[in-house]
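Let me begin by presenting the structure, written as structure tokens, before commenting on it.
Values reported hereafter were calculated over all heavy atoms of this structure, with side chains retained and with hydrogens, waters and symmetry mates removed.
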Amino acid sequence: FLNVQGFRIQQKVKLAEAITQGCIEQSNEYNVFDMANNNHLFQVKEESDDCGRCCCAPNHAFKLKISPPNAPDNVIMTMNRDGCGLCYCGKCLGEMVCCSICADGMSLHAGDYHGE
């Protein structure tokens with residue numbers, strides 16, 4: 001990936017989400033391509049709970065599992081976002097953070113990370 005000058009990210013369309021115009025939120029999936037030659041570099045799958053996606057988007061907690069294009073079970077990297085969790089101080093509404101537990105964070109892990 002050292003020679004890649006740019007990426008093109010394409011979100012997969014989910015039929016139920018498209019038909020309901022987003023009323024039925026589903027976890028996202030993406031394909032990532034080399035912008036110069038359109039080579040498929042990897043795929044990304046979101047893991048998140050329904051309540052968080054519907055009630056706290058875009059600040060919901062999630063994990064992104066990044067894998068080669070033809071090997072979805074071979075996770076090479078996991079991005080973990082803490083999101084708003086169980087905080088009800090207004091973060092879901094885009095207001096300021098009132099305490100440290102409400103602060104957002106993101107972690108990047110090699111391989112398939114199962115921790116919290």
#### Entry: Exam field: side chain S67 to backbone N74, donor-acceptor pair closer than 3.5 Å
no
### Heavy-atom closest pair, residues A71 and Q43
C-NE2, 4.4 Å
### Query
Side-chain contact, heavy-atom cut-off 4.5 Å: P68 with I76?
yes
### Query
With sequence neighbours excluded, what pairs up with D34 under the salt bridge (charged side-chain N to carboxylate O under 4.0 Å, His left out) test?
none
### Task
First locate atom CG of D112, then atom NZ of K63, and finally report the distance between them rounded to the nearest 0.5 Å.
8.0 Å
### Straight-line distance of L108 CG to I66 CD1, nearest 0.5 Å
6.5 Å
### Task
Could you tell me which residues satisfy salt bridge (charged side-chain N to carboxylate O under 4.0 Å, His left out) with D49, sequence neighbours excluded, listed by chain and number?
none
## Note on the structure
Note: S48 and A61 closest approach over all heavy atoms is CB-O, 3.5 Å
### Message
Quick check: is M79 connected to V44 through a chain of hydrophobic side chains (ILVMFWY, heavy atoms under 4.5 Å apart)?
### Response
yes
### Query
How far does NZ of K65 sit from OH of Y113, to the nearest 0.5 angstrom?
10.0 Å
### Query
Is R81 close enough and on-axis enough to F62, meaning under 6.0 Å and within 45°, for cation-pi?
no
### Task
Determine whether more than 12 heavy atoms belonging to other residues, nucleotides or ligands lie under 6.0 Å from atom CG of N70.
no
### Task
Run the salt-bridge test on E29 and K12 with the 4.0 Å N-O cut-off and return the result as yes or no.
yes
### Query
Hey, what do you get for CZ (F42) to CD1 (I9), rounding to the nearest 0.5 Å?
7.5 Å
### Query
Rounded to the nearest 0.5 Å, how far does CZ of R8 lie from CG of N39?
11.0 Å
### Summary
Nearest heavy-atom approach of F33 to L41 is C-CD1, 3.9 Å
### Query
Can you tell me how far the CD atom of E46 sits from the CG atom of N28, to the nearest 0.5 Å?
4.5 Å
### Message
Quick one about N80 and H109 (side-chain donor to acceptor, distance below 3.5 Å, no hydrogens or angles considered), yes or no?
### Response
no
### Task
For residues M35 and F7, determine if any side-chain heavy atom of one lies less than 4.5 Å from a side-chain heavy atom of the other.
no
